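Take a look at the structure set out below.
Order of the sequence lines fixes the chain letters, A, B, ..., with proteins taken first and strands second; residue numbering starts at 1 for each chain. Values below: every heavy atom of this structure, side chains too, minus hydrogens, waters and symmetry copies. In this text, all values refer to a predicted model and were calculated from it rather than measured experimentally.
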Amino acid sequence: MTSNSTAKTLVKTFLRTPHSLKTKFQAKQLLAQFLQTQPYSPSSTSILISVYSNFNLLHPSLFLFNSLNSPPLLAWKSIIKCYANSGHFLNSLTCFVQMRSFGIYPDPNMFPFVLKACVFLKNLRLGESIHGCVIRLGLDFDLFTGNALLNMYAKFQSLQPNGGHKVFAFNVFDGMPKCDELCGTSAQEKGASIIQLDRMTKVLEMMPKRDVVSWNTVIAGNAQNGMYEEALRMVREMGNANMKPDSFTLSSVLPIFAEYVDVIKGKEIHGYAIRHWFDSDCYIASSLIDMYANCARIEDSCSVFNLLSKRDDISWNSIIAACVQNGVFDEGLKLFRQMLTAEVKPRDVTFSSIMPACAYLTTLHLGKQLHGYIIRGGFNDNMFIASSLVDMYAKCGNIKAARWIFNQMEHHDMVSWTAIIMGHAGLTEEAWRYFNSMSRNHGIKPGLEHYAAMADLLGRAGKLEEAYEFIGSMHTASTGSIWSTLLSACRVHKNLELAEKVANEIYKVDPENVGAYVLMSNMYAAARRWKDAAKMRIFMKKKGIRKEPACSWIEVKNRVHTFISGDKSHPLYDRIFEALKDLLEQIEREGYIPDTNEDFHDVDEEQKKYIIFSHSERLALAFGIISTPAGTTIRIAKNIRVCVDCHTAIKLISKVVQREIIVRDNSRFHHFKDGKCSCRDYW
DNA sequence: ATAGGGTTAG
């Protein structure tokens, strides 16, 4: 009896001042005391439920809630909140509907939770009926409810165009919910989706009071739906209403300037962020990293990242993606390792960000390690990750593994289809099978990238006429770039007649295509049709088209060395020249005969030999050989395709110097080892 | 005696 009365006093004190409870532990202790004070009233039970729901303790809340016969408003509110905050959105809504069926009227501060649940469940119809409920109860003047409505219409705009999401048929005024899934979005709903932003604006206009959150919500809503100018207009309007942009505003605005590739405006925002102490904010920092990366300012991305004192998974992911997108693959991999060391768990997107780096560097062992990590982390059923794995294995030359993962996948996206078709170098039959089964058995309409991949494949396999007809029969309009792949194939396989036909197609769809003119001029030269070659060049000059100089670069001891064809300006040029001569002698002993047909200069054979001899990739290669220890793998990048002769030469060089040489040109990588190349001469 | 609680970004 005495202990009961002590408990009663204690409980009474706490229920009078529920905020004095500071920890979950204290809250749990209170429950033990409370249970001794039988009988307890519904109102004190409700207060206790609200205490638990504030700590997000779902189970004690439910335990108490279920003990009530007719729960008062506070109990309903608390339980709806607790369900929503712990991710049980459907339960939260079910509770709301039940409460209505008990004839209890909701109060304003419950709507933000319920509307949030509708957004998470992607249920626009229910959201709309709740909006109706808000209006009927005359609660649409509440600031928080208004903000939640703004958010809902903003989110539904960005959800709708995709269509096909699950909609729960669900009526607030029916009593219990029906969870029939209506798959797909009707035409009527799609039509309605176009006006969601208008609805958002209408809600905003009706709001008697707006705060920073209201503005941030509509700005983000417009920005995320591609309405960039409208978003920026609203930022100005917000300023006119005497409200200052905060970190939320900036992180919605920065992606717009990233999209516009407007580094000037982006930097202005950066300056504003620094002046207002927002630059250490994780959200701002990752938007800045993305923005700078999109503007090809990777150094600025890095400095933002380096100055960040607290980094979360998204800041790490942003900087890794920034490096990989800008071709700084080694740095991307280094950061990925640092991320793991810092015990930050990678997200699914992290893997699809980092995998292209493995694919590019053709570091199969690292790709395999990542694959292991993916399996251990349970990410292997993620379509994006699986696609990037297919691509990585295909690019690293392990077609077997690529195909195995591809076959394991339940659904295939564009990336995996492209990767698998591109990956089967030379296996045209197989690629045809995949290409055909794509539309026939999987209902995926081939896109431009698949046509391009197929055309490229056929061309590289020397099936030029087949490729020509294939491109001509495309369902989508052909582009200059797709014909260009075939034109390069014509050059490799020395089919001038077809090349002229292909070039004419390019002139039709893409008259500004520099590559086509250059290639044709080169092919005429190779066929010793000097007049035609000159005609081509005069034509280019007239049109003001200039050839992009061939350029290769190599990283040695953290410095990038760039070489242009025939360039003698490198400080070590003399030694490079000696090395080149030495290499030439060695590969000639292996049977190398210079293939000067590809050179378009009208000079004698001996001179031609030297022009080819100083192609940019060879300068870079010779420099790499003399400035790195024996056996080191050499990685070279080139802005345009490697020529046939250099390809042959580098194969032999890889044999005589016993090194792996990786050359990445603008269309693919070449992995040279022991006199062979991974492309198996299909390029 | 009575209130409070909730909304936005990468």
When rounded to whole Å, the CG to C1' distance for the pair A:Asp312 and B:dA9 reads 12 Å

Contacts of A:Ser214 meeting side-chain hydrogen bond (donor to acceptor under 3.5 Å, both in side chains) (sequence neighbours excluded), chain-then-number -> A:Asn147, A:Asp211

(Q) Are A:Cys133 and A:Phe111 packed together at the side-chain level, in the sense that at least one heavy-atom pair is separated by less than 4.5 angstrom? (A) yes

- Side chain of A:Asn147, base of B:dG6: donor and acceptor closer than 3.5 Å? no

Exercise. May I ask you to verify if any side-chain N or O of A:Lys81 is less than 4.0 angstrom from the OP1 or OP2 atom of B:dT7?
Key: no

Heavy atoms of A:Phe89 and A:Ala117 approach each other most closely as CD2-CA, 3.6 Å

For A:Ile320 and A:Thr350 the tightest heavy-atom approach is CD1-CG2, 4.3 Å

Determine whether A:Thr94 and A:Tyr83 make a side-chain contact, defined as any pair of heavy atoms from C-beta on separated by less than 4.5 Å. no

Closest to the side chain of A:Ser50, out of B:dA9, B:dT7, B:dG4, is B:dG4

Would you indicate what A:Ser318 reaches in the nucleic acid, counting non-hydrogen atoms under 4.0 angstrom: base, sugar-phosphate, or nothing? nothing

Just wondering, do A:Tyr292 and A:Ile298 contact through their side chains at under 4.5 Å, heavy atoms? no

Rounded to whole Å, CG of A:Asn225 lies from P of B:dA9 at a distance of 12 Å

Within residues 226-241 of chain A, the residues having a heavy atom closer than 4.0 Å to DNA chain B are none

The nucleotide from B:dG6, B:dT8, B:dG10 with an atom nearest the side chain of A:Phe113 is B:dG6

Ranking B:dT8, B:dG10, B:dG5 by distance to the side chain of A:Asn151, first place goes to B:dT8

Self-check item: Ring-on-base stacking B:dT7 with A:Phe144 (under 5.5 Å, under 30°)
Solution: no

### Polar pair under 3.5 Å, donor/acceptor by atom type, side chain A:Ser251, base B:dG10
no

At 4.0 Å (heavy atoms only), tell me whether A:Ser247 reaches a base, stays on the sugar-phosphate, or touches nothing.
base

A:Ile319 CD1 to B:dG10 P, in whole Å, measures 18 Å

By side-chain hydrogen bond (donor to acceptor under 3.5 Å, both in side chains), A:Glu229 pairs with (sequence neighbours left out) A:Tyr260

A:Ile47 CD1 to B:dG4 C1', in whole Å, measures 11 Å

Contact check, residues 57-78 of chain A vs DNA chain B, heavy-atom distance under 4.0 Å, returns A:Leu74, A:Lys77, A:Ser78

Hits for side-chain hydrogen bond (donor to acceptor under 3.5 Å, both in side chains) against A:Asp348, two or more places apart or cross-chain, chain-then-number order -> A:Asn382

Review point. Between A:Trp76 and A:Phe65, how do the two ring planes meet: parallel, tilted or perpendicular, split at 30° and 60°?
Key: perpendicular

Hits for side-chain hydrogen bond (donor to acceptor under 3.5 Å, both in side chains) against A:Tyr52, two or more places apart or cross-chain, chain-then-number order -> none

Winner on side-chain proximity to A:Ser315, out of B:dG6, B:dG10, B:dA9, is B:dG10

Within-4.5 Å side-chain heavy-atom neighbours: A:Asp140 and A:Thr145:
no

Between CG of A:Asp211 and C1' of B:dT8 the distance, given in whole Å, is 9 Å

Item checked: Side-chain donor/acceptor of A:Asn109 to base of B:dG6, under 3.5 Å -> no

Taken to the nearest whole Å, CG/A:Leu139 to P/B:dG5 is 17 Å

A:Asp246 CG to B:dG10 P, in whole Å, measures 13 Å

Q.
Need one value for A:Asp290: base, sugar-phosphate or nothing, where a base atom within 4.0 Å counts as base even if backbone is also close, heavy atoms only.
A. sugar-phosphate

Closest of B:dT8, B:dA9, B:dG5 to the A:Asn216 side chain is B:dT8

**Item:** side-chain N/O A:Gln224 vs B:dT8 OP1/OP2, d < 4.0 Å
**Value:** no

Atom CE of A:Met207 and atom P of B:dT7 are separated, to the nearest Å, by 14 Å

Testing B:dT7, B:dA9, B:dG10 for proximity to the side chain of A:Ile314, the answer is B:dG10

